[in-house]
Each structure stands twice: as structure tokens, then as C-alpha cells.
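The next block holds one structure in the form of C-alpha cells; read it before the comments.
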Amino acid sequence: MDAALGPPEKLATRADELTPMLSQYFELCTEYEDSLVLFQVGDFYEAFCEAAERVSRLCEITLTKREDSTGEYPMAGIPVDNAESYIETLLDAGYRVAVADQVQDPDEATGVVDRAVTRIVTPGTLTEDELLRTDDNNFVACLARDGDRFGLALLDVSTGDCFVTSTADESALADELGRFAPAEAVVGPDAPTAPFDSDCMVTPHDTAAFEGENARELVASYFGDPETVLAGDCEVRACGALLDYAEYTRGSEGDDAAGERGRLDYLNHVTRYDPREYLLLDRVALDSLELFDRRAIHGRAAATVVEVLDETACALGSRELKDWLRRPLIERGRIEARHDAVGELAADVRTRERLHEQLRDVYDVERLISRVSRARANARDLRSLKDTLDVVPEVEAALEGAQCDALREIRDDLDDLGEIRDLIGRAIRDEPPIEVTEGGVIAAGYDDRLDDLRETERDGKAWIDSLEETERERTGIDSLKVGHNAVHGYYIEVTNPNLDAVPDDYTRRQTLKNAERFYTPELKAREDEIIQAEQRADDLEYDLFREVRDTVAAESERVQALADTLARLDVLVSFATVAAEYDYARPTIVDEPKRTAIEGGRHPVVERTQSSFVPNDADLDAESFFAVITGPNMSGKSTYMRQVALIQLLAQAGSFVPAADARLSLVDRVFTRVGASDDIAGGKSTFMVEMTELAEILENATDRSLILLDEVGRGTSTTDGLAIARAVTEHVHDEIGARTLFATHHHELTATAEALPAAFNCHFSAEQDGQTVSFDHEIRQGPAAASYGVQVARESGVPDTVVDRSRELLDAHDQENSSYEGVNSHEGNNTRNGQSTAAASNDAETGSDGDASTDENELATIIREQNLATTTPMDALALLQDLQERIEE
Ligand code: ADP
């Protein structure tokens, strides 16, 4: 990505001698040096020189050239009418695009036409419907630093959603960025660049915008006193700089813009929050629970959690649902209020379905009102707003009998903006055209002046309609015709044989092969009258339309509040629909510490994507909160762990849960270390990623957290891995005391679990039937049988001698393992059920200390000294090749 372009060199070297037009282009490129400038020339947006070459390559359009007296310049143009799809390509390639429009009528220009950048399109500040996903927010983030505190502001320019928070903890900062997944991050002086996702564009912005005084003023002009709406200098600076950047990208857009920098008038509310007010989910957790994105590994996820939960009826609700899942609550009262509403709607099919139908008629008024405020909305948008407002009283009626607080609150919050609805209803025609300057927009009866003009127009046209008849009578020419064409206007047409009968007041307008066309002074006068009336009416309509639009814009805050209320309702209805259709249960929130009591829990996605699903229980409490889960691959361990976490998360988001029953105490955070998320592209080894994630968990988890660990210590040697797994288990158990589910293939860990008072074993098993292994996916108490693999080997026909030897080695291993108990400081039941610990016979083969040659020692040293923590998969391959070469020498 090479976003910084600067002005083309070729132009820079000849800056003095350029033609006025190219000189104007050059200046705009200099002013907007970090953007690719698209420069309107008539029906095309042109780029020149280096920029032309890139646009041509990326957008696959022909590279042409412009020739003038000063030379030849490469040029590439994209059609103005169809620019958005090309702009999207340029954005995807990592560019910001500055759109320079002609802001002067070319006919009125003396010399070169005035052009101005009317908008800068960047990934984080999009408002073009064509470029946005309707069902998700699109955030731009801004970071400012104040000592060791970071202020973080987030804004969705298309909807006006604005959030601000701050933290002194860089990992908490990364978590927030993970949650909101901004498409772009604006950074100021000494802000960190580290915690951004790789597909987030990092945009440095004017240092002055981050300065305290400037930021304070801008924040105050949008949201009121910064001291009351925000907390601390770094928040004000982040928020101020973000507003500044958003205005900068708005340019001077809108169909009635006066060329000044765009204020975002619809932005009038900021949500200041503390990350600790929500259940914390970092990027790793969001990813591994497959909440919003499918993970590539195992190719397993057929759907995401949000996909199976989304029964919302409108775009507002669909976005709100994601917000609720991204930020589940930690306040019991608020959570239970949502559960009450879901319960009430789940039990009442009629109301639920009625609301769902009504909400389907709700437009994306959040984005619509932002277009209204930016003077980019057309008459159809206003009609759509009215259609939505029409629904409001119906929704209110449907909620009439609402019992619970949450639904009553929604009912009371509903605001049908009666006067706005009436205004649009009276002023705007039913099916107006997209163009707002060519008439046909304002309804009859709304404005007397307009009605008069339209009447003049109609009278004139009626007179003309009757003209044919009158003139035929007057002249006696039966074939006389009255017509109209775009070039010559109205005419009276007489065929050549009848030309003798033409009266004196006819003036010739046009000669055809077989006829002549005429006009009369009266026809001309009427025609002028019609044209004038039409022109004045169109202009008046546009003025009236803008008045209406401005009146609506002045109520943007109320429209946004309405959007928010409808969005909440839509999510609750969606939760209720899922609960009723898929047999979810209302979770009970309890105050007992570390309580997770799930009966018949299911994984919300897996249960939908396969024909049968085996429900499982979970039972954790203060005395017994650490589960070590063993069992063969594919037996269901990770599905089980995720379902426990998802049930917790859904409950705290306010949803019912896929289980027969669930009693849960709240958690402050869900941590996951699941699966081998090998970041090969990022150049990190599996082990390194694993340890980084682990360190994060150990540092931040509390006794109110829920931790999922899957196969910790797999990326290194067995001894190493086991040691780490044991140490982690002890630490989490003794020091942190967090509810934990730990799936492992280290069978030795089951002994550790038995040794720790609040840890316990459970397992999944497999059955062998002839050649096939089958799983019953049922969780059971106690550890899995260690000899599982050996049994499978025997049943699969591996020779007895090999099987016996395997068992011998396994027993020896157990023996070795029991030494752990000797150094274990914990009291507990250390025997492993049903496991033989018979001493192993001599097993010289297991050691490698034979009479190895010096060569082998050398190889061993190389391997031993390799630091696996920093070895990437590519390094490992290179090392292997090196070793191979040494052996062959
Ligand atoms: P493991 O983590 O033990 O390797 P998984 O949890 O990945 O196993 O499960 C493997 C597959 O088994 C899943 O993809 C799913 O299709 C199926 N499965 C898991 N749990 C269940 C269950 N409770 N009921 C039915 N099928 C299940």
C-alpha cells in the first residue's frame, strides 16, 4: 500500500508553465497530498501522470494522454455517473480518494472552471450507501495520548454513532479496537501504532487538531461542555481530533453546499463509556467464538453466531444486535430487564409477529437522517422517512399491553414526530423522482405560488392543445397539426399543398420535405409563458424542498433517538423469535460466586448446522471451578467449551440461551486460548502466539472471569508443554480463581486436576466399531482412559506385539508421571481411577543416549539451541533444510 501520493513529479518540475487546468490539478494534489485526487472534467473524473497510471492499472481502464502546448501527460478517467464502484476499488487498494468536483457552471466560467474537493472518501468515513454494509457499523477510530493514558474516540460517520473511552492499559486499548474493528484509525503525535488490525488504515492527521484548546472548542460545539460529557484530556483530544478529521473528509458536499468545510450537524450525541461497564471480549475471544467471522481453521464454521441469532427485521436492528453481542452487559438489573422483555415477546406470538411485520417497513433512518443533515438526501429519502414515521403509531399500538419495564419504556420513548410526518406528507409527492432540481417533487396544494405557476403552465398547455382545432377552423386546412419538439418548441405544421391557405400572421419556423412549420405571435407568447412558469416552478420546488429538508434536519436528534428505540425493539423481538423457534431457555442470573449450572446446553451454531446434537451439562461453582477436559480428537471438547462461553455471553447480552436450564453468575470477561491459530502470515510461530495469548490471560483474568484453554503448550516439546500446562493450571487455580475449562491432550494433566481441590476431570470418549470410530459427544465425569489410542490401534489390526509394547511404554510413562505427586504441594486424591500404575520393564529404547556419533551431537546441539519461541514456520523449514544438507554431506 502506498497511500501517500503527493503531486505528480512531472507536474512539479514544470509547475510554472502548466496550463491553468493542470496547474489547478497540481495545486489540489499538493493540498491533498495523502489522497488520490479525482479531478472532474465534464463527465469524467480524471487523474494524471503517476496517479493516472495507478488508476488505470487498478480500475482496469484505458490509459490515455492529454496533449497541450506544454507537453503530453498520461491521463485516466472514470465516469462521474458510475464513480462509486471505481472508488471502492481504489479504497480496497489502500488509497484515500479526494473528489474534486466542478463547482462552477462551465458556461459561466471565464477561463478555467472552479473546482473544489467536495469529499474525501476514506475507508473509515464512508457515507456512500453503495460502499457500506447495511448490517454493520463502519467506524473510524482516533487515538490521543496523555502521559500514559490513551484516549480513544470512535465514530460511524454514516449513522452518527460516537463513542469515547480512555485507558492506561495498552492491552485494554487493543481489546476495544478489537471490539469495534475500525476500518481506519486517525493518529496524532506520539500515539501508538501497534494495536491496530492489519486491515485498518492508519491515517496521521494534523497535529493542531489534537491540541487541547482546539479539541475542546470543537467538542463543545458538537456535544456541549467537554468537562461534563467526557473524562480527561486525552478523551477530549481524541474526540476533538476525530471530529476535525471527519469535517475535513466531508469537504463541501451536498447539493446546496456553499463550499465551506462540512459540519456534521446530525452528530449531537456522544456516548462516553468505561470498558469495565461491559463484559470484555477481546479480538481473540470474538474470533475463536466465531461471533462475527468464520474462522478458516478446520473449515468448520458453517455460520457465525450472529448469523444464527439474527432474526431482526430492519438494518437498524441488525446493527444494534451486533453492538449488544460485542458489548454484553455486566449489570444484573439491565440484563434481567432484557430477559423480561424477551420472555414476554417469546410467549406472545401474535404481538411478536405483528411487531416483526411492522419493523420490516422501517427504513435505515439512522443513515437517512445523516444524509438529510448533509444536504445529500433526495425527495425519496424524505418519503422513506415518512413511511417509517407512519409505522410508529402502529408499533405503539402493538405494545399497548406491554407488561415489562423494558417494553413499556420503548413504548413511551417512541416519538412519531407528528409534525415532521405531516409536513413530508403534505409537501412531498408520493413517488418523487431522484433528481430534486427538475420539479415533480412538491405536492399540489402545499404552496400557493407553486400552484399558480403550475396552473399557468397547465392553462398554456390547454390553450395549445385546443389550438389545432381553432386553427383548422380559421384556415380551413384539415390536415393542419400542432406539435412540439425540443429544439424548435411549439409549431403549427402545414403540408406543402395547403401552403396557399396559410394566414398572414404565420411566421416560418422550419422547412421540412413535405411541409412547413410556423408559429404565430400568440403561440410564441403562450410558449414563453409556459417555459417561464415551468422554470420558475422548478426553482421554487427546489427551494421548497430544501426548506422541508432543513426542517427535517433540525429534528435529527429526535430521529436518531427514534432510530435507537426501534433498533432496541427489533433486537428484543429477534431474541424472542430465536428463543421461541429454537427452544432457548431464560437464564437465571444468580449471585453465588463462580456459578455455572447448565443443563442440556447446546452450541447455538453447531446444533443448527448438523442433523442431531447431543446436549451437555456444565456444573461449576466456588468449590469446583476448574474443569480439565480430556478425550480424543473430534470427540467434542472445543464445541463444549465454546457452548459454555456462548451461553454465558448470550445471557449477558440479554438473550435466552440454547439450554434446558441455566443458572449463571455474571462474568467480567471471557478469555479464550482455543485452537492453533497459527499466524503464519504475521511471521509468528504457533507457540509464540499461544504464549502471548496466555500471558494476556494470566495478567488480566480475575476471579469473575471465564477462561477457555485448548491445548496449551502444544507448540513446543511434550515435556515443555506439559510443564507449562501444569504451571498454568496451578496458577489459575490458586492465584486467579477464575472459572476455567481446560481441554488438553496431555493426559498427565488429569492427575494435576485431581490434586487441586477446586479442579476436576471430565471427558469425552469414543467407541470403536470395526473399522470406524464413533463419538457419542457426551461429557462424563472423570478423566478419559489414557489407553484409548492403544485400544483403537489393537482393534484396527495393529500386530499384538506392537500393541503390547505400546501399553508397556504407556504404563512406564504413568509411573514417571506419578513423581509429580511427590513435588505437589496440594492435598488431594491423587489416584487415577482405573489406571494401572504397574512398573515398566526396562525401556532402554525410549532414551536417546546411545553411542551417538559426534555428528549427531552437533545436530542435537543445533536443534537444542533453536529458540522455538521466536521460530516462524518458514524458519523451521529453513532449519530443516540446513540439517538435511549437513547429514548428506
Ligand atoms: P475436539 O475439540 O474434541 O477435537 P470438536 O469440538 O471440534 O472436537 O468436535 C468435533 C465435531 O463433532 C464437531 O465439528 C461437531 O460436528 C461434532 N460435535 C461436537 N460436539 C457435538 C455434540 N454435542 N453433539 C453432536 N455433535 C457434536
Side-chain angles (χ1 to χ4, degrees), residues 284-285 287-291 293-305 307-308 582-585 596 598-619 627-648 650 657-662 670 672-678 686 690 693 706-715 721 725 740-747 749-750 753 761-769 772-786 788-789 791-792:
V284 181
D287 279 357
S288 58
L289 295 175
E290 288 163 342
L291 225 45
D293 293 308
R294 274 160 246 226
R295 291 220 301 173
I297 64 152
H298 308 329
R300 115 171 89 191
T304 62
V305 174
E307 277 164 10
V308 302
Y582 299 96
D583 201 17
Y584 283 22
T596 298
I598 298 170
E599 281 171 31
R602 286 124 46 202
H603 189 294
V605 178
V606 179
E607 78 160 334
R608 293 250 208 123
T609 49
Q610 58 187 46
S611 51
S612 70
F613 189 89
V614 182
N616 277 306
D617 299 348
D619 190 3
V628 169
I629 308 167
T630 39
N633 270 344
M634 294 304 284
S635 59
K637 300 184 296 297
S638 67
T639 305
Y640 175 72
M641 294 201 298
R642 286 166 210 233
Q643 93 190 19
V644 171
L646 287 170
I647 286 172
Q648 184 79 40
L650 289 183
V657 298
D661 187 53
V670 173
T672 58
R673 164 52 234 156
V674 172
S677 54
D678 210 340
T686 308
E690 189 179 324
E693 289 177 9
L706 172 62
I707 305 179
L708 309 187
L709 298 170
D710 196 350
E711 302 291 19
V712 166
R714 199 178 212 173
T740 306
L741 303 176
F742 190 163
T744 181
H745 72 292
H746 286 304
H747 197 266
L749 211 60
T750 54
N761 283 300
C762 47
H763 72 277
F764 285 92
S765 51
E767 278 150 36
Q768 174 71 27
D769 180 15
T772 54
V773 186
S774 68
F775 302 105
D776 64 8
H777 300 304
E778 217 174 292
I779 193 145
R780 295 189 173 81
Q781 295 299 314
Y788 161 79
Q791 264 160 21
V792 173

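When a ligand or atom number is given, it counts from 1 through the structure's own listing order.
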Item to complete: Under the salt bridge (Lys or Arg N to Asp or Glu O under 4.0 Å) rule, collect the residues that match up with D776, sequence neighbours excluded.
Response: R780

Worksheet item: Should you measure from each heavy atom of Q610, which atoms of ligand 1 turn up under 4.0 Å away?
Response: 15 (C), 16 (O), 25 (C), 26 (N), 27 (C)

Item to complete: From atom 4 (O) of ligand 1, work out which of Q643, R602, M634, E778 has a heavy atom at the shortest distance.
Response: M634

Worksheet entry | Close side-chain approach of V305 and L289, heavy atoms under 4.5 Å | no

Worksheet item: Is any side-chain heavy atom of M634 closer than 4.5 Å to a side-chain heavy atom of F764?
Response: no

Discussion item. When you compare the side chain of P604 with that of Y582, does any pair of heavy atoms fall below 4.5 Å?
Written reply: no

Worksheet item: Would you say the side chain of L646 lies within less than 4.5 Å of the side chain of P658, judging by non-hydrogen atoms?
Response: no

Worksheet item: So, does P615 sit close enough to ligand 1 that a heavy atom of it is under 4.0 Å from the ligand?
Response: no

Discussion item. With a 4.0 Å cut-off on heavy atoms, is G631 in contact with ligand 1?
Written reply: no

Practice prompt. For the residue pair Q643 and N616, establish whether any side-chain heavy-atom pair is separated by less than 4.5 Å.
Written response: yes

Discussion item. Closer than 4.0 Å to some heavy atom of F613 - which atoms of ligand 1 meet that?
Written reply: 21 (C), 22 (C), 23 (N), 24 (N), 25 (C)

Fill in: Atoms of ligand 1 close to S612 [distance to a heavy atom under 4.0 angstrom, numbered from 1]
25 (C)

Item to complete: Counting heavy atoms only, name the option from I779, T630, T639, N616 that's nearest to atom 9 (O) of ligand 1.
Response: T639

Item to complete: Identify which of S611, S638, G636 has a heavy atom lying nearest to atom 2 (O) of ligand 1.
Response: S638

Discussion item. Counting C-beta onward and ignoring hydrogens, is there a side-chain heavy-atom pair between E290 and V605 closer than 4.5 Å?
Written reply: no

Practice prompt. Under 4.0 Å from a heavy atom of P632: give me the atoms of ligand 1 that qualify, with their elements.
Written response: 3 (O)

